[in-house]
Amino acid sequence: MPFPIERPRRLRATPAMRSLVRETHLQPSNFILPLFVVEGEGIRKPINSMPGNAQLSIDELVKEAEDARAHGIGGVILFGIPAEKDDEATGNYDPDGIVQRACRAIKREVKDLLVVTDVCNCEYTSHGHCGKIVGDDVDNDITLGWLAKAAVTHAQAGADIVAPSDMMDGRVAAIREALDQAGFEKTPIMSYAAKYASSFYGPFREAAESTPQFGDRRSYQMDPANAREALKEMELDLAEGADMLMVKPAMPYLDIIKAAHENFDVPIAAYQVSGEFSMIHAAARNGWIDLDRAMMESLTSIKRAGAQIILTYFAKAAARQISGL
Ligand code: PBG
């Protein structure tokens, strides 16, 4: 029935009508806020390229986590910046490492907030790569041992979810086995299953001090040109025991999020990464786009594509918009 019988504008006439027919709704409880933790006390060192974000010492981190909870946000994901790095990433699987202590502090002080830990080596290695360097590449199978040990120390520190982001083959199985052996069969794994070798991680690497000192991550992170390979990565991770799958970055990979949602019946998460966040801020600072609207539109697009869980640096600001605070 073409025009003049069909007039789609009828359902767009007023805010109430638009609200009635809106298909996608954002909820703060589906957001996970990434936080950066450093040694020291009373430290809140702003990250230049990521307005509103800072490297936090544990005392400040606990306040930030409490504030996230007060905003109704589902959880936080922790990234640790150790005082010392070495070529074996020992800080990553130290039971008293920065993330392990941070995790314990949040679990002790803040109720009803999920703590997710990122299980990767790149913040802990002197060379900035995600695992053991052998020759000029990251050795897959040696790195698995580091990741498994790190995940167990995170679970011991009270982590509610562990999230491996290193893109080694077989890491989910290695982590699942180690967790189960240590008595953490109830700790879920949120796998960064389709993680691309992306230019949009730039600001994060400043924040986490994890820029590779040589080369890049293209021999382990995925080629941005590939979609079918993402499905293979997800299938493998599920078979190895992943409970949730993540796509990262988010907005340049909405097709991958949609494919994940259509093909797999586990919760799908997407990581709106630092570069996505910083781009929106930079354009808004120039007066070229409206910050709040671009923020909400970008998050809505990610949810609409099929991500139920969104890791985003906008978590608090978006929660305020949603609840009208
Ligand atoms: C660790 C890790 C990275 C990000 C999350 N976990 C950086 C990388 O792979 O280089 C990026 C997150 C962001 O850009 O916000 N491997």
Side-chain angles (χ1 to χ4, degrees), residues 31-37 47-55 75-82 85 89 91-92 98-99 116-125 127-133 138 140 143-144 146-147 150-151 154 159 161-168 171-172 175 189-224 233 245-253 269-282 295 298-299 302 307 309-315:
F31 295 150
I32 295 177
L33 174 68
L35 296 174
F36 301 96
V37 55
I47 300 158
N48 265 335
S49 52
M50 300 175 67
N53 290 267
Q55 295 180 338
V76 294
I77 181 165
L78 303 181
F79 295 97
I81 300 133
K85 305 184 188 229
N92 195 19
I98 182 75
V99 156
V116 186
T117 53
D118 182 270
V119 184
C120 193
N121 295 304
C122 60
E123 297 118 62
Y124 303 89
T125 50
H127 44 72
H129 276 287
C130 300
K132 168 81 176 170
I133 297 290
V138 174
N140 195 87
T143 302
L144 295 183
W146 300 2
L147 296 168
H154 293 173
I161 300 171
V162 297
S165 69
D166 51 282
M167 289 304 279
M168 296 302 119
R171 83 279 174 80
V172 174
I175 289 171
I189 300 176
M190 176 190 280
S191 166
Y192 287 70
K195 174 171 177 179
Y196 287 89
S198 171
S199 56
F200 292 103
Y201 306 148
F204 173 97
R205 291 181 187 172
E206 179 207 323
E209 301 172 11
S210 64
T211 307
Q213 300 303 301
F214 63 90
D216 55 41
R217 301 207 204 290
R218 280 183 256 202
S219 78
Y220 41 106
Q221 298 180 347
M222 282 185 57
D223 183 340
E233 281 282 6
L245 298 172
M246 194 197 304
V247 175
K248 176 185 172 191
M251 232 167 48
Y253 297 89
Y271 197 142
Q272 182 181 49
V273 301
S274 57
E276 299 180 70
F277 172 85
S278 299
M279 269 193 316
I280 291 173
H281 264 285
M295 165 179 80
S298 65
L299 293 168
I302 295 163
I309 302 162
I310 306 178
L311 293 85
T312 175
Y313 303 95
F314 283 127

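The first residue of the sequence shown is numbered 1, and numbering continues consecutively from there. Numbering of ligands and ligand atoms starts at 1, following listing order.
- Distances below 4.0 Å separate heavy atoms of Asp118 from the following atoms of ligand 1: 6 (N).
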Carefully, step by step, assess His281 and Tyr313 under the rule ring pair (Phe, Tyr, Trp, His ring centres under 6.0 Å).
CA-CA 11 Å; His281 264 285; Tyr313 303 95; over 10 Å; no
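- In Phe79, the part holding a heavy atom less than 4.0 Å from any atom of ligand 1 is the side chain.
- Here the shortest heavy-atom distance to atom 15 (O) of ligand 1, taken over Tyr196, Tyr313, Phe200, belongs to Tyr313.
- Counting heavy atoms only, Ser274 comes closest to atom 13 (C) of ligand 1 of the residues Pro164, Ser274, Gly275.
- A salt bridge is defined here as a Lys NZ or Arg NE, NH1 or NH2 lying under 4.0 Å from an Asp or Glu carboxylate O, and Asp166 with Arg171 meets this definition.
- For Gln272 and Ser298, the side-chain atoms include at least one donor-acceptor pair closer than 3.5 Å.
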Test ring pair (Phe, Tyr, Trp, His ring centres under 6.0 Å) on Phe31 and Phe314 and set out the steps.
CA-CA 9 Å; Phe31 295 150; Phe314 283 127; 9.7 Å; no
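- Between the side chains of Ser210 and Glu123, no donor-acceptor pair is found at a separation under 3.5 Å.
- Cation-pi contact between Lys195 and Tyr271: absent, since separation from the ring centre below 6.0 Å together with deviation from the ring axis within 45° is not met.
- Among Arg205, Glu123, Lys195, the residue whose heavy atom lies closest to atom 9 (O) of ligand 1 is Lys195.
- Below 4.0 Å from some heavy atom of Tyr271 lie the following atoms of ligand 1, by number and element: 12 (C), 15 (O).
- Each of the atoms 1 (C), 2 (C), 6 (N), 16 (N) of ligand 1 lies under 4.0 Å from some heavy atom of Ser165.
- Every atom of ligand 1 is numbered from 1 in the order shown, and the set under 4.0 Å from a heavy atom of Lys248 is 2 (C), 3 (C), 4 (C), 5 (C), 6 (N), 11 (C), 12 (C).
- Counting the atoms of ligand 1 from 1 in the order shown, those under 4.0 Å from a heavy atom of Cys122 are 1 (C), 16 (N).
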